[in-house]
Each structure stands twice: as structure tokens, then as C-alpha cells.
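Letters A, B, ... are given to chains in the order of the sequence lines, protein chains preceding strands, and every chain is numbered from 1. Just so you know, these numbers come straight off a predicted model, no measurement behind them.
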Number of protein chains: 2
Amino acid sequence: MSGYKIGALAERTRTSAPTIRYYEQIGLLRRPDRQEGNQRRYGDDDVHRLTFIRRCREFGFSIDQVRTLASLVQDRTRSCTEARDIAQAHLAEVRAKLRELMALEVSISAFVATCDAKCVGGPGPDCVSLDELSMSNSGKTTPGCNADPGIAA
Amino acid sequence: MSGYKIGALAERTRTSAPTIRYYEQIGLLRRPDRQEGNQRRYGDDDVHRLTFIRRCREFGFSIDQVRTLASLVQDRTRSCTEARDIAQAHLAEVRAKLRELMALEVSISAFVATCDAKCVGGPGPDCVSLDELSMSNSGKTTPGCNADPGIAA
DNA sequence: CTTGAACCTCAAGTGGCTTTAACTCGTATG
DNA sequence: CATACGAGTTAAAGCCACTTGAGGTTCAAG
């Protein structure tokens, strides 16, 4: 009657069963009661907590950050400002990665454009686009790109 | 006289020595000659190839993609169009991730704003921002956010 | 000759799961 | 009642692209 099996919990939270077991293993989810036959049984509490966890993960928070955020939900005496600080730190990371990717977009689309311009008649030994990538020239990367892409994802 | 030791190669290509050994191990770099005493000796060819590899990696190409791109540099009969195709595929990935991150930025900054608005006087039991994340409501995520963030990085 | 930095190899750790293998359990049908 | 099948169980390995650590050797300077 009451209680979901792992498959039901997975479906409700758009998670996979192995992921749920993994979260249990790393202590992110509690170890649930077992029914006869050793199968896990979950309740609505678990649905809520896992929904929360998955949503945080979708937002790109690390497991460790999620761990902290989840503990804040429990402890109402801290909560909001601390959560905001974590979210703000994460926001800074997201924005940094965003800048990186935008620079990357410029570089790679420039590379593609160069290829198209120089090799119109198909492949040939005159192609220089690739060679330019192995030149240790002064900071300039792909022709037309002046952004430093930094370290990519 | 001629030949760089691994540290010199690392410095010239802004790589670490372990990474160079790792690239050798996975067959991305050739196995270099050894001097007396078993230390690796590299030449300018290696500097060029590794520069190329690192630049591709900075552009976010996977090791496998780099492997192909590097082989294209060797084989001039294919080269340009094939390289462009790889770059174009990668560009599509970068743009997809870019869209994801932009949606994420909106969601998280909305969350931070909610925290700031609702918990002006410091932490308290009235904070609801966190709770909203565990509600299994209809598609809406963080208040003020109507984008589907999808799967994060 | 001694020191200490740089080199060597091999193995394990990182994050966040996914996949595989080999097993048991629960239920529906013949 | 036998059996087939899906869903559950565990433990361990695999993924990516490195990084880190342990423990030993070589090289160049003083």
C-alpha cells in the first residue's frame, strides 16, 4: 500500500534507479526501509527531497553544494542568506563559463568561416587553417579572434 | 644541445609534465627518444604538435576530436573540409551549452533575487525560496523563471 | 661529494554518474 | 505448479581528461 518502490520514485523525480542508489551510497539520500524481500520502500518525504536535489543539480550545483542546500532546508534557523550566498557563488561560476563559451563561439565560428573561405573548391594542400592552430604566435589564436578562450569545459 | 626535456616542452606549451606523459600514454603524442638516463628528449616537431593539441583542447574539442584533427594536419589530401565539419559539429555543441547556461543564469539570478527580497532582515523561518525548489509543481522552477534549464554542465 | 630540483614509473583519485554481471523477487500466464 | 519476465538486489568496473601521490633515479650546481 503506502510506499514507492525505487522505480516509482525514479519516475516521479525523473531520475534513474542506479542514480538513486548512488545518492544513497554517498549519503545524499537516507537509507530507506526495506520491505520483505529486501526491496527499498520510499515515502513522500523522499519524493520531496529527491525533487529538490534533482532541481539543484539541473541548476548546475555540485553534489557538495546540494548537500549544503539540502541541510539548509532542514535547519530553518539559517537558511535563506546562506542559501543565497551559495547560489551567488554558483552564479559567478556560471557567468564565467558563459563568457568562456561566448569567446569560444567566436573563435570556432571564425575557424569554420576561414575553412569555408580558403577551401571553397574542396580539400587541397593549400589549406592553412589547421596549420595556424599550431603556430606559437603572439596570443592570436584563430584568425578573426581576439578573445582569450581560457580553459574550456 | 638539441632537444628539450619534458619540463622545457611543458613550459613552451603551457602544459604540465604529467599531462605530456599522459598524452604519450594514450597515443596522442609519439614516444620520444630518450637520452642516457632514460629522460625524454623532444624536438621542435613536438612543440608544434603539442601546441596544436593544446589549442584545440582550449577550444573545447574532445581528445578524440583532437586526434582526428591532428591526423588531418598530417594528411594533406583530406584536411580542410573534414576539419571544418568537425569544427562545425563542435560549434553546435558549444552553442547548445551556451543556451543552457543562459537559461541557468536567468534561473539562478532569479533565485538570488527572491532570497534578497524575502529575507531582507536576515535569516528566518519565513524563508520560502528553498522550499519552492522541492515542490513538484507544473514546470515552473524558480519564481520569475520560465526557461527550462535542461541538464547542466 | 652532497644537495636539491627535475626526472622516472606505476597506481590511485577526481566527479557524477552509467554500465555490466550475476543474482533474487514478485507476479501473470499456461 | 512451473515458468517466464520485468523489476529489484549487490558489487565492481568504466567514462573523461587529467591530477596527485609514492617511491625511486638522474642531473647540474656548489
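- Rounded to an integer number of Å, the gap from A:Arg21 CZ to C:dT19 C1' is 12 Å.
- Atom OH in A:Tyr4 sits roughly 19 Å away from atom C1' in D:dA7 (whole-Å rounding).
- Residue A:Gln39 is the one, among A:Gln39 and B:Tyr23, whose nearest nucleotide of DNA chain D lies closer to the 5' end (criterion: closest heavy atom).
- Between B:Ser16 and D:dT19 there is a side-chain N or O to OP1 or OP2 distance below 4.0 Å.
- Phosphate contact (OP1/OP2 of C:dG15, side-chain N/O of A:Ser62, threshold under 4.0 Å): absent.
- Rounded to an integer number of Å, the gap from A:Leu9 CG to D:dG8 P is 10 Å.
- For C:dG16, neither phosphate oxygen OP1 nor OP2 lies less than 4.0 angstrom from any side-chain nitrogen or oxygen of A:Thr19.
- Proximity of A:Tyr23 to A:Ile63: side-chain heavy atoms (C-beta onward) are separated by under 4.5 Å at one or more points.
- At least one side-chain nitrogen or oxygen of B:Gln35 sits closer than 4.0 Å to the OP1 or OP2 atom of D:dC27.
- Listed pair B:Arg40 / C:dC7 fails the phosphate criterion, with no side-chain N or O lying under 4.0 Å from OP1 or OP2.
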Is there a salt bridge (charged side-chain N to carboxylate O under 4.0 Å, His left out) between A:Asp46 and A:Arg49 once you walk through the steps?
CA-CA 5 Å; A:Asp46 300 297; A:Arg49 184 173 170 99; over 6 Å; no
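- Nearest nucleotide to the A:Asn38 side chain, out of D:dT9, D:dA17, C:dC17: D:dT9.
- Mapping A:Ala8 and B:Gly37 onto DNA chain D via the closest heavy atom, the residue that lands nearer the 5' end is A:Ala8.
- For A:Arg57 and C:dC17, the shortest distance from a side-chain N or O to OP1 or OP2 is below 4.0 Å.
- Here the straight-line distance linking atom CZ of A:Arg21 with atom CG of A:Leu29 works out to 12.5 Å at 0.5 Å rounding.
- Between A:Tyr22 atom OH and D:dC15 atom C1' there is a gap of 13 Å when expressed in whole angstrom units.
- Within 6.0 Å of atom CZ in A:Arg31, 12 or fewer heavy atoms from other residues, nucleotides or ligands are found, so the atom counts as exposed in its surroundings.
- In this structure, B:Asp64 places its CG atom 12 Å from P of D:dC18, rounding to the nearest Å.
- Within 4.0 Å of A:Arg54, counting heavy atoms only, lie sugar-phosphate atoms of the nucleic acid but no base atom.
- Rounded to a whole Å, the CZ atom of B:Arg31 is 14 Å from the P atom of C:dC8.
- Atom CZ of B:Arg67 is separated from atom P of D:dC18 by 12 Å (rounded to the nearest Å).
- Per the geometry, CD belonging to B:Glu11 stands 14 Å off C1' belonging to C:dA5, to the nearest Å.
- Within the 3.5 Å criterion, the main-chain N or O of B:Gln65 finds no donor-acceptor partner in the side chain of B:His90.
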